[in-house]
Enquirer: 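Would you mind keeping the following structure in view while I ask a few things?
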Amino acid sequence: MNAILRLAFMLALTASAGTTLAETATFSFGVIGHAFRNSSDETALRNAIAETDADNLAFVVANGIKAANEPCTDKLYGQRKTLLSSAKNGLIVSLSASDWVGCKTSADRSAALERLSRIRDLFFSDEFSFGDSKIPLIRQSTSPKFRSYVENARWEIGSVVFATINLPATNNHYLTEGGRNSEFEDRQIANREWLQRIFLNASQKKADAVVLFCDGDPLVAQHHRVFDFNVKRDGFAEIRQKINAHAAQFDGKVLVIHATRGNGSSNSPDIAWQHNVGDLEVPGGWLKITFDPTDKKLFELVKPADPPPLSRR
């Protein structure tokens, strides 16, 4: 499908009527798991983008732009931006902890805040996705009070509201050292407001579902992830409570899609539902998810097909 046809497809999917989201045919989207969890070689990300390009997808979300052991340099960020921009499908980035949390200065001091700011400037500078098929995005930064949080983005297709939310896997970047959690506390406030806006929008438009993309898994308590007696606070506790509270007031389903927890989780992904809230962990590679408004389950995981062979001339 060329870029013009892809754009026409997207416009048809995102068209809305009145105060409700438009009825739509079944569509599929792709999620690229954290390609750098086990390797700093970008081949995995490059291959995943190529495979998703070969499929008929409404959009793709990629979790993470670099490995934890890769340098936090503008040069590397620029290389990854070029790679992401080469996608044919509309591609939205969901930040991972390894993109910024562990970044250090030459004096071995934390550069997390400065690098997060730089990533925001480089990767979220406009209101569209990466890729040939530009997906229009509504960023949290449209609110003057939260103009820094450009990485939190929302978009709609058919009767589904999709959104990214910055929740790094490292206990939501909560630091045990006293007096060093201003970033965490400020982002908590921003994320609370962002969730409120997402669910208000979904309820007003009578959406069938809300899908959230993030790095860490906010639905599982911290002590279930790691046995670390130094953890003084579950960094996801408040966000978990907010997601569940909003879901309880929402008539549709809520699906939270996140990276692997790194604790030997299964490579056979499945959606774990509790009431109307689903938890989906994406392993390495990429995962195809189909939304069918006529199916009671709404979401079905599809094993990606092998890319078609190159045509011979």
Enquirer: Mark yes or no for whether Y77, through its side chain, and I65, through its backbone, hold a donor-acceptor pair below 3.5 Å.
Expert: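 No.
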
Enquirer: Checking the side chain of N171 only, and the main-chain atoms of H173 only, is there a donor and an acceptor separated by less than 3.5 Å?
Expert: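 It does not hold such a pair.
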
Enquirer: Taking S98's backbone N and O only, do any of them form a donor-acceptor pair with K66's side chain (distance below 3.5 Å, no angle check)?
Expert: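 Between the backbone of S98 and the side chain of K66 there is a qualifying donor-acceptor contact (under 3.5 Å).
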
Enquirer: Distance-only, no hydrogens or angles: does the W194 side chain make a donor-acceptor pair with backbone N or O of T164 under 3.5 Å?
Expert: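 Checking the backbone N and O of T164 against the side chain of W194, a donor-acceptor pair under 3.5 Å is found.
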
Enquirer: Do N89 side-chain atoms and T52 backbone N/O form a donor-acceptor pair below 3.5 Å?
Expert: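 At least one qualifying donor-acceptor pair exists.
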
Enquirer: Looking only at side chains, do D292 and T26 share a donor and an acceptor under 3.5 Å apart?
Expert: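 Yes - a donor-acceptor pair under 3.5 Å links their side chains.
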
Enquirer: Linking I/L/V/M/F/W/Y whenever their side-chain heavy atoms sit closer than 4.5 Å, directly or via other members, would I243 and Y149 fall into one cluster?
Expert: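 In one cluster: no.
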
Enquirer: Could you check if a side-chain atom of V161 sits within less than 4.5 angstrom of a side-chain atom of N201, using non-hydrogen atoms only?
Expert: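 Counting from C-beta outward, V161 and N201 do come under 4.5 Å.
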
Enquirer: Does S182 offer a backbone N or O that forms a donor-acceptor pair with the side chain of E185 under 3.5 Å?
Expert: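 No; judged by distance alone, with no hydrogens or angles, the pair does not exist.
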
Enquirer: Should we count CD of E114 as having more than 12 external heavy atoms under 6.0 Å?
Expert: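 Atom CD in E114 is packed in, count exceeds 12.
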
Enquirer: Show the numbers, then the answer: is there a side chain to side chain contact (heavy atoms under 4.5 Å, CB included) between L280 and V256?
Expert: CA-CA 6 Å; L280 175 58; V256 179; over 6 Å; no

Enquirer: In terms of side-chain geometry, is the basic nitrogen of K288 or D55 positioned less than 4.0 Å from the acidic oxygen of its partner?
Expert: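 Here K288 pairs with D55 in a salt bridge, since their nearest N and O are under 4.0 Å apart.
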
Enquirer: Mind checking the CD-CD1 spacing from E51 to I32? Nearest 0.5 Å is all I need.
Expert: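 Going from CD on E51 over to CD1 on I32, the span is 9.0 Å.
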
Enquirer: Quick one, L255 and F291 - any side-chain contact, counting heavy atoms below 4.5 Å?
Expert: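 They are not in side-chain contact.
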
Enquirer: Rounded to the nearest 0.5 Å, what's the gap from CD on E42 to CG on L76? Could you check?
Expert: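 Between E42 CD and L76 CG, I get 8.0 Å after rounding to 0.5 Å.
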
Enquirer: Name the one of R197, Q140, R187 that satisfies side-chain hydrogen bond (donor to acceptor under 3.5 Å, both in side chains) with N152?
Expert: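 The side-chain hydrogen bond (donor to acceptor under 3.5 Å, both in side chains) with N152 is passed solely by Q140 among R197, Q140, R187.
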
Enquirer: Do I92 and W155 touch side chain to side chain, with heavy atoms closer than 4.5 Å?
Expert: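 A side-chain contact under 4.5 Å exists here.
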
Enquirer: Which pair of heavy atoms, one from V282 and one from T260, lies closest together, and at what distance?
Expert: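 Answer, listing the atom of V282 first, then T260: O-CG2, 3.2 Å.
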
Enquirer: Could you check if a side-chain atom of V211 sits within less than 4.5 angstrom of a side-chain atom of V160, using non-hydrogen atoms only?
Expert: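 In contact.
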
Enquirer: Working to the nearest 0.5 Å, report the span between NE2 of H246 and CZ of F199.
Expert: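 The distance works out to 6.5 Å.
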
Enquirer: Are K206 and D251 ion-paired here, with the side-chain N under 4.0 Å from a carboxylate O?
Expert: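 Answer for the salt bridge query: no.
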
Enquirer: Does NZ or CZ of R118 come closer than 6.0 Å to the centre of the six-membered ring of F123, within 45° of the ring's axis?
Expert: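 Geometry flag: not set, cation outside 6.0 Å or 45°.
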
Enquirer: Looking at H258 and C214, would you say the former's side chain and the latter's main chain have a donor-acceptor pair under 3.5 Å?
Expert: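 It does not hold such a pair.
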
Enquirer: Determine, step by step, whether L57 and S28 satisfy the side chain to side chain contact (heavy atoms under 4.5 Å, CB included) criterion, reporting the C-alpha distance in whole Å, the side-chain angles of both residues, the deciding distance to 0.1 Å, and the verdict.
Expert: CA-CA 5 Å; L57 302 172; S28 298; 4.0 Å; yes

Enquirer: Evaluate the side-chain proximity of L83 to R46: yes if any heavy-atom separation is below 4.5 Å, no if none is.
Expert: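 Yes, side chains in contact.
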
Enquirer: For the pair N181 (side chain) and Y174 (backbone), establish whether a donor and an acceptor sit closer than 3.5 Å, ignoring hydrogens and angles.
Expert: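 Not a single qualifying donor-acceptor pair exists.
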
Enquirer: Heavy-atom count check: over 12 atoms from other residues, nucleotides or ligands less than 6.0 Å from K104 NZ?
Expert: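 Check passes, neighbour count above 12.
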
Enquirer: Do I271 and F299 come close enough that some side-chain heavy atom pair is under 4.5 Å?
Expert: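 The answer is yes; the side chains approach within 4.5 Å.
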
Enquirer: When you compare the side chains of H275 and N244, does any donor N or O come within less than 3.5 Å of an acceptor on the partner?
Expert: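 Per modelled atom types, H275 and N244 side chains form no pair under 3.5 Å.
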
Enquirer: W273 ring centre to K253 NZ or CZ under 6.0 Å, with the angle to the axis within 45°?
Expert: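 Yes, K253 and W273 form such a contact.
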
Enquirer: Test your reading of the model: is there a side-chain donor-acceptor pair from R115 to the backbone of W100, 3.5 Å cut-off?
Expert: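 Side chain of R115 to backbone of W100: no pair is present.
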
Enquirer: To check you understand the geometry: which heavy-atom pair defines the closest contact between P269 and L287, and what is its length?
Expert: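 Reported closest heavy-atom pair: CG-CD1, 3.9 Å.
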
Enquirer: Nearest 0.5 Å, what's the OG1-CG distance between T170 and N172?
Expert: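 Result: 8.0 Å between the selected atoms.
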
Enquirer: Once you round to the nearest 0.5 Å, how far does OG of S96 lie from CG of N166?
Expert: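 Interatomic distance, S96 OG to N166 CG, rounded to 0.5 Å: 9.5 Å.
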
Enquirer: Tell me whether the count of non-hydrogen atoms from other residues, nucleotides or ligands lying under 6.0 Å of CZ in R192 goes above 12.
Expert: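 Above 12, so yes.
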
Enquirer: For R139 and D126, indicate whether the former's side chain and the latter's backbone hold a donor-acceptor pair under 3.5 Å.
Expert: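 Confirmed, R139 side chain pairs with D126 backbone.
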
Enquirer: So, taking the atom named CZ in F27 and the one named CD1 in I157, what distance separates them when rounded to the nearest 0.5 Å?
Expert: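 Here the interatomic distance stands at 5.0 Å.
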
Enquirer: Taking the side chain as every heavy atom from C-beta outward, state whether L95 and P168 have any pair of such atoms under 4.5 Å apart.
Expert: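 No, too far: nothing below the 4.5 Å cut-off.
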
Enquirer: Would you say that K81 contacts F130 through its side chain, given a criterion of any heavy-atom pair below 4.5 Å between the two side chains?
Expert: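 Of all side-chain heavy-atom pairs linking F130 with K81, at least one is under 4.5 Å.
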
